[in-house]
Enquirer: 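Okay, handing you the structure first.
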Amino acid sequence: MNDKTIPATMRALELRAVDGRPESLALVERPVPRLAKNKVLVRIGAASVNPSDLMFLQGLYGQKKKLPVVPGFEGAGEVVASGDGSGMLARALVGRRVACAAPHDGDGTWAEYMVADASQCIPLIKEVSIEQGAAMIVNPFSAYALMKNVRYGLDRAVAQTAAASALGQMINRLALSRNIPLVNIVRRAEQVELLRQAGATHVLNSSEPDFDERLKDLCRSLRVTLAFDAVAGELTGQLLRAMPNGARVIVYGALSMGACMIDPRGLIFERKRVEGFWLAEWMRAQNLLSKLVASRRVQKLLASDLQTEIRARLPLEDAARGLHDYAGHMTGGKILLVPAMHKERG
């Protein structure tokens with residue numbers, strides 16, 4: 001890595017403790033990381049904030065990293081260098097705009113530069129902006145991958161929790177475009193209206209007293225046999241009880257911060273199943289051709305079904321404020337951290 005345009009140091013957000021305190025996330029000056037074989041250096045143009053990031057900051061996410069560490073699971077930018085002796089893929093990425101995922105054992109995207117494995121970078125087509133690319137992996141790829149579980153001809157209808165979230169709204173749009181009946185579950189009245197304005201036919205508020213009964217009626221009349229659950233806790237069991245024999249729930253989040261409450265009789269006597277979904281594992285299981293096909297399809301849908309609403313673009317200095325805002329209102333749009341927006345020093 002001998003590009004003279006790459007500085008010796010960079011600004012980065014550094015997580016020093018997983019105690020949830022704002023002061024545990026600090027803006028620091030760090031050396032720009034060195035590159036190993038088949039690694040690339042990405043100049044981060046924008047990085048997104050997701051629920052998984054908030055869980056990671058609190059030590060609640062399934063992926064643990066040695067502290068101090070730079071958080072941020074996804075972002076986008078330009079590849080400015082590759083490691084010595086790298087293969088064709090890493091070398092070919094230099095000069096390209098990419099969406100990138102953070103390495104499993106290293107620093108993430110909330111910095112001016114990040115080292116990424118070449119295989120974890122997705123070249124962006126010309127129609128996709130850096131901002132779109134920065135929020136392309138976690139939600140759009142998850143929506144795409146989850147909908148791949150729909151067995152056409154077998155799963156006549158689907159249900160989902162956290163339907164007003166960014167990911168939930170993507171699943172709703174995909175279901176509408178594919179004519180798949182979808183039961184959308186939210187927890188506030190204003191979210192019901194949000195989904196109805198987006199074209200959703202079936203929207204239930206889990207806070208209403210007759211929720212259980214209405215969920216059972218809809219699941220039976222529509223023959224819902226598949227559900228995507230981002231909440232866990234009691235809601236997982238409610239979904240299972242409402243659905244017919246042989247149904248399955250795919251749990252991909254834990255917004256309730258509680259264990260899945262499941263009646264074992266449904267698993268034993270009614271052939272019902274609960275499965276887990278983690279995008280990182282799904283991505284690792286795909287071969288090169290499958291990744292290329294998925295990447296192309298997802299990027300083509302970023303302006304429509306997989307569109308991400310951006311509600312704020314913040315410099316790294318304002319990350320604490322942005323995180324607090326996002327944690328209190330996740331359905332209001334995505335927050336992007338933009339390193340180039342940093343305030344003038346001195």
Side-chain angles (χ1 to χ4, degrees), residues 48-55 58 131-132 135 138-140 142-143 146-147 157-177 180-219 221-222 224 227-239 242 249-258 261 301-314 318 320-336:
S48 67
V49 177
N50 293 290
S52 53
D53 293 304
L54 301 184
M55 293 182 69
Q58 300 174 66
E131 286 193 354
Q132 289 174 311
V138 171
N139 283 338
S142 290
L146 285 168
M147 289 297 286
V158 180
Q160 68 160 337
T161 64
S165 68
L167 175 52
Q169 293 184 61
M170 290 178 188
I171 290 174
N172 178 57
R173 291 193 291 266
L174 287 174
L176 286 170
S177 66
I180 300 172
L182 178 67
V183 177
N184 293 280
I185 299 169
V186 297
R187 59 175 180 167
R188 296 197 298 269
E190 60 268 28
Q191 294 173 333
V192 173
E193 183 59 26
L194 173 70
L195 268 295
R196 292 206 183 281
Q197 290 180 358
T201 303
H202 310 289
V203 189
L204 298 179
N205 184 347
S206 62
S207 300
E208 293 181 349
D210 62 346
F211 167 69
D212 247 342
E213 182 178 347
R214 293 182 63 197
L215 178 63
K216 289 176 183 177
D217 288 344
L218 265 180
C219 286
S221 62
L222 296 175
V224 175
F228 305 132
D229 183 18
V231 177
E234 183 181 356
L235 201 49
T236 309
Q238 289 176 292
L239 284 167
V249 175
I250 298 177
V251 180
Y252 70 92
L255 292 175
S256 68
M257 297 297 181
M261 305 297 289
L301 291 172
L302 289 180
S304 55
D305 291 346
L306 299 180
Q307 184 177 17
T308 297
E309 179 184 352
I310 307 299
R311 81 165 180 260
R313 300 160 181 84
L314 302 174
D318 289 343
R321 174 172 66 86
L323 291 170
H324 182 268
D325 179 36
Y326 180 69
H329 189 46
M330 293 186 189
T331 61
K334 187 67 64 182
I335 287 177
L336 296 182

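Atom set for the values below is all heavy atoms of this structure, side chains included, hydrogens, waters and symmetry mates excluded. Since this is a predicted model, take the numbers as computed values, not measurements.
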Enquirer: Once you round to the nearest 0.5 Å, how far does CG of N139 lie from CE of M170?
Expert: 5.0 Å
Enquirer: Taking atom OG of S165 and atom CD of Q191, what is their separation to the nearest 0.5 Å?
Expert: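 Nearest 0.5 Å value for the OG-CD distance: 9.0 Å.
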Enquirer: Quick one: list whatever passes side-chain hydrogen bond (donor to acceptor under 3.5 Å, both in side chains) with E208, sequence neighbours left out.
Expert: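 Counting only residues at least two positions away or on another chain, E208 forms a side-chain hydrogen bond (donor to acceptor under 3.5 Å, both in side chains) with R214.
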Enquirer: With heavy-atom distances below 4.5 Å as the criterion, would you say the side chains of L174 and L301 are in contact?
Expert: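 Heavy-atom side-chain distance check passes, below 4.5 Å.
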Enquirer: Which residue is it: D229, V224, V251? I am looking for the one with a side-chain contact (heavy atoms from CB on, under 4.5 Å) to L239.
Expert: D229
Enquirer: Could you grab the distance from atom CE of M147 to atom CG of L306, nearest 0.5 Å is fine?
Expert: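 One finds 10.0 Å between CE of M147 and CG of L306.
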Enquirer: Between H202 and L218, what is the shortest heavy-atom contact and its length?
Expert: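 Shortest heavy-atom separation between H202 and L218 comes out as ND1-CD2, 3.6 Å.
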Enquirer: Partners of R196 by side-chain hydrogen bond (donor to acceptor under 3.5 Å, both in side chains), sequence neighbours excluded?
Expert: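 With sequence neighbours excluded, R196 shows a side-chain hydrogen bond (donor to acceptor under 3.5 Å, both in side chains) to no residue whatsoever.
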Enquirer: Hey, are the side chains of K334 and N50 touching, using non-hydrogen atoms and a 4.5 Å cut-off?
Expert: yes
Enquirer: Ignoring hydrogens, what is the shortest heavy-atom contact between C219 and A242? Give both atom names and the distance.
Expert: CB-O, 3.3 Å
Enquirer: Is it the case that over 12 heavy atoms from other parts of the model lie below 6.0 angstrom from the CE atom of M261?
Expert: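 Counting neighbours around CE of M261, 12 or fewer heavy atoms of other residues, nucleotides or ligands fall under 6.0 Å, so no.
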Enquirer: So which atom in A198 and which in L176 form the shortest heavy-atom distance, rounded to 0.1 Å?
Expert: O-CD1, 3.5 Å
Enquirer: Tell me the closest heavy-atom pair linking A232 and S256, and the distance in Å.
Expert: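 For A232 versus S256, the nearest heavy atoms are C-OG, 3.5 Å.
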Enquirer: L54 and Y326: which non-hydrogen atoms are nearest, and at how many Å?
Expert: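 Scanning both residues, the minimum pair turns out to be CD1-CD2, 3.8 Å.
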Enquirer: To the nearest 0.5 Å, tell me how far L204 CG sits from Q238 CD.
Expert: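 CD of Q238 is found 11.0 Å from CG of L204.
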Enquirer: At their closest point, which heavy atom of D53 faces which heavy atom of S48, and how far apart are they?
Expert: OD2-O, 3.6 Å
Enquirer: Could you check R311 against D325 for side-chain contact (heavy atoms from CB on, under 4.5 Å), going step by step and ending with a plain yes or no?
Expert: CA-CA 11 Å; R311 81 165 180 260; D325 179 36; 3.4 Å; yes
Enquirer: Say you draw a straight line from OG of S177 to CG of D305; how long is it, rounded to the nearest 0.5 Å?
Expert: 4.0 Å
Enquirer: When rounded to the nearest 0.5 angstrom, what is the spacing between NZ in K216 and OG in S221?
Expert: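 K216 atom NZ to S221 atom OG measures 14.0 Å (nearest 0.5 Å).
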Enquirer: Taking C-beta and beyond as the side chain, do L336 and L314 meet within less than 4.5 Å on heavy atoms?
Expert: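 In short, these two side chains do not touch, never coming nearer than 4.5 Å.
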Enquirer: Taking it one step at a time, do T161 and F228 satisfy side-chain contact (heavy atoms from CB on, under 4.5 Å)?
Expert: CA-CA 7 Å; T161 64; F228 305 132; over 6 Å; no
Enquirer: Can you confirm whether more than 12 heavy atoms, excluding those of E234, are under 6.0 Å from its CD atom?
Expert: no
Enquirer: Does any N or O in the side chain of S207 come within less than 3.5 Å of the main-chain N or O of R188, such that one atom is a donor and the other an acceptor?
Expert: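 No: the side chain of S207 does not pair with the backbone of R188.
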Enquirer: Using the rule side-chain contact (heavy atoms from CB on, under 4.5 Å), only one of I171, I250, I180, L222 pairs with V158; which is it?
Expert: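 Answer after filtering I171, I250, I180, L222: I180.
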Enquirer: Pair Q160, N172 - check side-chain contact (heavy atoms from CB on, under 4.5 Å), show working.
Expert: CA-CA 9 Å; Q160 68 160 337; N172 178 57; 4.2 Å; yes
Enquirer: Kindly check if the number of other-residue, nucleotide or ligand heavy atoms within 6.0 Å of CD (E193) is above 12?
Expert: yes
Enquirer: Tell me, do N205 and F211 make a side-chain contact under 4.5 Å, heavy atoms counted?
Expert: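 A side-chain contact under 4.5 Å is absent here.
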Enquirer: Determine whether a donor-acceptor pair (N or O, by modelled atom type, separation under 3.5 Å) exists between the side chain of Q169 and the backbone of A164.
Expert: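 Answer holds: yes.
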Enquirer: Does R173 have more than 12 heavy atoms from other residues, nucleotides or ligands lying within 6.0 Å of its CZ?
Expert: yes
Enquirer: Between I335 and R313, does the side-chain contact (heavy atoms from CB on, under 4.5 Å) criterion hold? Intermediate values first, please.
Expert: CA-CA 6 Å; I335 287 177; R313 300 160 181 84; over 6 Å; no
